Amino acid sequence: QVQLVESGGGSVQAGGSLKLSCAVSGLTFSNYGMGWFQQPLGKERELVAAISRGGATSYADWKKGRVTITRDNIKKVLYLQVDSVNPEDSGVYYCAADFGSGGARFIPLKTDNYHYWGQGTQVTVDS
């Protein structure tokens, strides 16, 4: 059974940093492109950052420069570092895995590219 379990959410002061983790089990992690999505309250889920099997990355324009997505294929963990947080960074953060059929350079950029989803972790930025 495939499981994606996010952690690291909670409350953080504006201007601070946070690091989210996503532990993956039930699939060969290194074979999958991965992504982090943010869903603010009352809004749609949007891609924040994505990483290919081979480690190539892509970031949403409105977060570029403040976020870093990384992966540890040995530990089977996906990470998202967010710096200089502001209230617009609040929301539920989801990690997701694609279908595992892309090449090493394929970066899953669309919601439809993803097949497996975690339950999400809540982040609240206090101003």
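Bear in mind the structure is a predicted one, so any value in this text is a computation, not a measurement.
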If I take atom CG from residue Leu80 and atom CZ from residue Arg71, how far apart are they, to the nearest 0.5 angstrom? 14.0 Å

Taking a hydrophobic cluster as the set of Ile, Leu, Val, Met, Phe, Trp and Tyr residues connected by side-chain heavy atoms closer than 4.5 Å, whether directly or through intermediates, do Leu78 and Tyr116 fall within one such cluster? yes

Is there a side-chain contact (heavy atoms from CB on, under 4.5 Å) between Gln81 and Ser17? Walk through the geometry before answering. CA-CA 7 Å; Gln81 174 82 27; Ser17 298; 3.7 Å; yes

Stepwise side-chain contact (heavy atoms from CB on, under 4.5 Å) test for Val5 and Gln119: CA-CA 7 Å; Val5 181; Gln119 293 299 305; over 6 Å; no

May I have the step-by-step check of side-chain contact (heavy atoms from CB on, under 4.5 Å) for Arg66 and Asp89, ending in yes or no? CA-CA 11 Å; Arg66 295 194 300 114; Asp89 293 320; 2.8 Å; yes

Consider only side-chain heavy atoms of I, L, V, M, F, W and Y, link residues closer than 4.5 Å, and tell whether Leu109 and Trp117 are in one cluster. yes

Under the side-chain contact (heavy atoms from CB on, under 4.5 Å) criterion, do Glu6 and Trp36 qualify, and how do the steps go? CA-CA 10 Å; Glu6 301 94 338; Trp36 284 101; 3.9 Å; yes

Mark yes when over 12 heavy atoms from residues, nucleotides or ligands other than Glu44 sit less than 6.0 Å from its CD; otherwise mark no. no

Drop me the distance from Leu4's CG to Phe29's CZ, to the nearest 0.5 angstrom. 8.5 Å

Please find the pair of heavy atoms, one from Gly35 and one from Leu47, that lie closest to each other, and give the distance. CA-CD1, 4.5 Å

Could you state the interatomic distance from OG1 (Thr57) to NZ (Lys64), rounded to the nearest 0.5 Å? 9.5 Å

Between atom CD of Gln122 and atom OG of Ser90, what is the distance when rounded to the nearest 0.5 Å? 7.5 Å

Restricting to non-hydrogen atoms, name the atom on Pro108 and the atom on Tyr114 that form the minimum distance, rounded to 0.1 Å. O-OH, 2.6 Å

Asp98 versus Asn113, closest heavy-atom pair with distance: CB-O, 3.1 Å

Which pair of non-hydrogen atoms, one from Ser11 and one from Asp126, has the smallest distance, and what is that distance? CB-OD2, 3.7 Å

In terms of hydrophobic clusters joined by side-chain contacts under 4.5 Å, are Tyr79 and Ile107 together? no

Linking I/L/V/M/F/W/Y whenever their side-chain heavy atoms sit closer than 4.5 Å, directly or via other members, would Val67 and Ile51 fall into one cluster? yes

Partner of Gln38 by side-chain hydrogen bond (donor to acceptor under 3.5 Å, both in side chains), out of Lys63, Glu88, Glu46: Lys63

Atom of Phe106, atom of Ser52 and distance for their closest heavy-atom approach: O-CB, 3.0 Å

Working to the nearest 0.5 Å, report the span between NZ of Lys19 and OG1 of Thr70. 5.5 Å

Considering all heavy atoms, the nearest Arg53-Asn31 contact: CD-O, 3.1 Å

Decide whether Tyr59 and Leu20 are clustered together by the hydrophobic rule: side chain heavy atoms of Ile, Leu, Val, Met, Phe, Trp, Tyr closer than 4.5 Å, transitively. yes

